[in-house]
Amino acid sequence: MNYEELEELAQKIRKYIYTTISNGSGHLASNLGVVELTIALYRIFDPVEDVIIWDTSHQSYVHKLLTGRWKEFKNIRKKAGISGYTNIFESDADKFGAGHAGTAIAAALGFFLSDKLKKRKRDIVAIVGDGALGCGMTLESLNQLNYQGANVKIVLNDNEMAISKNVGAISQLLNNFRVKKEYTETKKALKSSLEDSSVGKDVENLLKKFRDALKYSFYASPAPFFEDMGIKYYGPVEGHNIKKLEEYFKFMKEYNEGPVLLHVVTKKGKGFEEIENAPIKFHGISKKDDKISYSKIVGHTLAWLKNYEFLAFTAAMSSGTGLDILQEVSPDKVIDMGITESSVVTTAAAVSFGGILPIVDIYSTFMQRAFDSLIHDVALQKAPVLFLLDRAGLVGEDGPTHHGVFDLSYTRLIPNVEVWTPLDAQDLANMVYTSVIQGIKKPRFIRFPRDGEKISVTQILENLKIVNGEWRFLKKSESDVYVLAVGTMAQLVVKALNEFEVNIIGVRSVKPVDDFVMQVLAEKANYIFVYEEGSLKGGFNEEIYKLKNKQIFAFGIKDDFVSHATREEQLQECGLDIESIKKNFEELFLKTDIGTKILRRR
């Protein structure tokens, strides 16, 4: 294509992405921002023969469209459709799957090391966003590239920083010169001749000092940060000019003297003014309902408690976790440390020892990254940190990288912690309220799913009260059948089984368990059903299996990864929706020796 045709293609892609995501769900602003970047990149690099790694990969929609998935794109993130992230099982062009930020450069280093051993020649490119640049894993990997002699090419997609006119003009002038083949060849010849004499070496050292002086002052840019680690820096370059990008990518392809980074400045939401002006609002799009999310309930509750001594921490997700609501009324109460989950947890531990209650509000899937910090820095020292595990359970279209199905397993095995599981919106608000008002003496986790309820914030706040983690009988019966539902699963279980003569118990604390109810189960229960929106391996059900001489049936997430679909479809797939709970309950009892006796309906 000529450049006019390429611009037409860019607009066609933008329109297709906007229309598809607006009518479904997905990441919008970030993908609109990388259209020209991706087109130019794939004019120079081969996404199948080379290794192209998209960090986080939520901005890989253009990549998918250009690598044979144009028709399939209309079903992106839908059940049986293509993933919203790169997926090695989906295409040969998806070299590395990613749903969490900061993995691309480490993966690129891995590909380089394997290629080196196999003597394989191909280009390895990592596209990294400025948000992921602050990740611990990204910084650790950057530190390794030059040391390992890795010819890895990095595209820094900067969609936040602007290019100032004066520095931008100078840097553009310098870069236009530096990427020319004549410059690199002249530089090599000059270096060779200077090394032939002692005077030449002195001149070379003088030139090096002059270059460094420019680099650290006049040539004001991120260059020193990267070049001091041995990574050649170029940029910034305008990220929506296909021809200019192509020129830089050609240079990068020919550059084989070690790691090299191109700083590209793009605009999130490019092409749609409303999205450009509100990129956070249009970061992800999903169908709205009239429920208030549990995330917002947390935000409103903390905002109501703003005069108490606490600090709320987030890892670049203040909007997603509802902390933006607190931030509006008390900005000093919210600490956003970026995508640095482990650092957030350790910092919070120290805050607690300073006499302030730290509240760490992070999605369950992202908290997995801080597992070591949870054990060593928090639990081992009994640091009183309140953890709010948002998006616990199945999350819908984001799929397996984002499901929060492992937190019950990984928190249950840690000593010195409490794990609370509220039954509904009011219970969630009450647990947060109690933790702030009373304080806590050890680490406490409060887990809640990606869901919500039709209830007013005013009603929630007017009914706040002190609570504990005791389990709650939601239905009592003379039957010897006991149904245990963990957290908000209780709402579905009551709707499914309320017409049967069974006991239904809402489990409000997974650790510790309720000793009184456990004693009731030991004495009176013969049949026990357990429902939890989490992994069965290591899950709450293991506490119930400790009871002897009982017939126990556990339902949850089996030993597999649940693919992307709507949350409702995922619950159905796992047997955790209302109809499946009811159907499986009936089928199991028809096979038991008590048969229809227990199945009698009121």
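Nothing here was measured: the structure is a model prediction, and the numbers come from that model.
- Enclosure of atom NZ in K537 is not indicated, since only 12 or fewer non-hydrogen atoms of other residues, nucleotides or ligands lie within 6.0 angstrom.
- Under the 3.5 Å distance criterion, the side-chain polar atoms of Y363 are left unmatched by any main-chain donor or acceptor of A392.
- The distance from atom OG1 of T19 to atom CZ of F73, rounded to the nearest 0.5 Å, is 10.0 Å.
- Proximity of a side-chain donor or acceptor of K511 to a complementary backbone N or O of I414 within less than 3.5 Å is detected.
- Looking only at distances, no side-chain donor or acceptor of Q572 sits under 3.5 Å from a matching main-chain atom of D577.
- Using a 4.5 Å heavy-atom cutoff, the side chains of K64 and D94 are in contact.
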One pair to check against salt bridge (charged side-chain N to carboxylate O under 4.0 Å, His left out): R122 and D50. What are the steps and the verdict?
CA-CA 5 Å; R122 56 181 175 176; D50 294 324; over 6 Å; no
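- Side-chain contact between T20 and I76 is present, with at least one heavy-atom pair separated by less than 4.5 Å.
- Rounding to the nearest 0.5 Å places CG of L32 at 11.0 Å from CD1 of I13.
- In this structure, a donor-acceptor pair under 3.5 Å is absent between the side chains of T86 and H63.
- Taking all atoms of both residues into account, the shortest heavy-atom contact from A101 to A132 is CB-CB, 4.0 Å.
- A donor-acceptor pair under 3.5 Å is absent between the side-chain atoms of N498 and the main chain of V494, judged by distance alone.
- Checked against H240 for a side-chain hydrogen bond (donor to acceptor under 3.5 Å, both in side chains), the options K270, E36, K267 give a single hit: E36.
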Does the pair T365 and H100 meet the rule for a side-chain hydrogen bond (donor to acceptor under 3.5 Å, both in side chains), with working shown?
CA-CA 9 Å; T365 181; H100 292 187; 2.8 Å; yes
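- Among all heavy-atom pairs drawn from V48 and A93, the shortest one is CG2-CB, 4.2 Å.
- Within 6.0 Å of CG in D46 there are more than 12 heavy atoms belonging to other residues, nucleotides or ligands.
- Minimum interatomic distance between A490 and G506 (heavy atoms only, all atoms of both residues): CB-CA, 4.4 Å.
- In this structure the side chain of V51 never reaches within 4.5 angstrom of the side chain of F112, judged on heavy atoms.
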Dump the intermediate steps for salt bridge (charged side-chain N to carboxylate O under 4.0 Å, His left out) on E569 and K78, then the final yes or no.
CA-CA 10 Å; E569 289 170 333; K78 295 179 181 178; over 6 Å; no
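- Side-chain contact check for R447 versus T411: every heavy-atom pair is 4.5 Å or farther apart.
- With hydrogens and angles ignored, the 3.5 Å screen pairs no side-chain donor or acceptor of E533 with any backbone N or O of P449.
- Contact annotation: the side chain of L109 never approaches that of F111 to less than 4.5 Å [non-hydrogen atoms, C-beta and beyond].
- K583 NZ: 12 or fewer foreign heavy atoms inside a 6.0 Å radius.
- For the residue pair S318 / D324, no side-chain donor-acceptor distance below 3.5 Å is found, with atom types taken as modelled.
- Across all non-hydrogen atoms, the minimal contact from D55 to G102 is OD1-N, 2.7 Å.
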Are D424 and Q491 close enough, and set up right, to give a side-chain hydrogen bond (donor to acceptor under 3.5 Å, both in side chains), and what steps lead you there?
CA-CA 8 Å; D424 54 32; Q491 299 175 44; 5.6 Å; no
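- Counted within 6.0 Å of OH on Y3, heavy atoms from surrounding residues, nucleotides or ligands total more than 12; the atom is thus considered enclosed.
- Atom NZ of K253 has more than 12 neighbouring heavy atoms from other residues, nucleotides or ligands inside a 6.0 Å radius.
- For the pair V510 and F445, the minimum side-chain heavy-atom distance is 4.5 Å or more.
- Using cut-offs of 30° and 60° for the angle between ring planes, the Y294 and F448 rings count as perpendicular.
- Here the side chains of I124 and D115 are in contact, with some heavy-atom distance below 4.5 Å.
- Enclosure of atom CD in E5 by more than 12 non-hydrogen atoms of other residues, nucleotides or ligands within 6.0 angstrom is indicated.
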Go through the steps for D158 and H263 under the test side-chain hydrogen bond (donor to acceptor under 3.5 Å, both in side chains), then give the verdict.
CA-CA 7 Å; D158 179 357; H263 182 176; 2.9 Å; yes
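- Within 6.0 Å of atom OH in Y18, 12 or fewer heavy atoms from other residues, nucleotides or ligands are found, so the atom counts as exposed in its surroundings.
- Side-chain atoms of R391 and S295 include a donor-acceptor pair closer than 3.5 Å.
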For a salt bridge (charged side-chain N to carboxylate O under 4.0 Å, His left out) check, start with the C-alpha distance between R450 and D390, then their side-chain angles and the critical distance, and finish with the verdict.
CA-CA 7 Å; R450 184 180 189 176; D390 199 334; over 6 Å; no
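- What you find for S364 and D407 is that their closest heavy atoms are OG-OD2, 2.7 Å.
- Using a 4.5 Å heavy-atom threshold, the side chains of L302 and V432 count as touching.
- A ring-centre distance under 6.0 Å is found for H402 and Y85.
- No donor-acceptor distance shorter than 3.5 angstrom exists from the side chain of T56 to the backbone of H58, with no hydrogens or angles considered.
- Between K291 and E453 no salt bridge is recorded (no basic side-chain N to carboxylate O distance below 4.0 Å).
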Salt bridge (charged side-chain N to carboxylate O under 4.0 Å, His left out) for E90 and R69? Distances and angles first, verdict last.
CA-CA 10 Å; E90 186 177 290; R69 285 166 278 185; 2.7 Å; yes
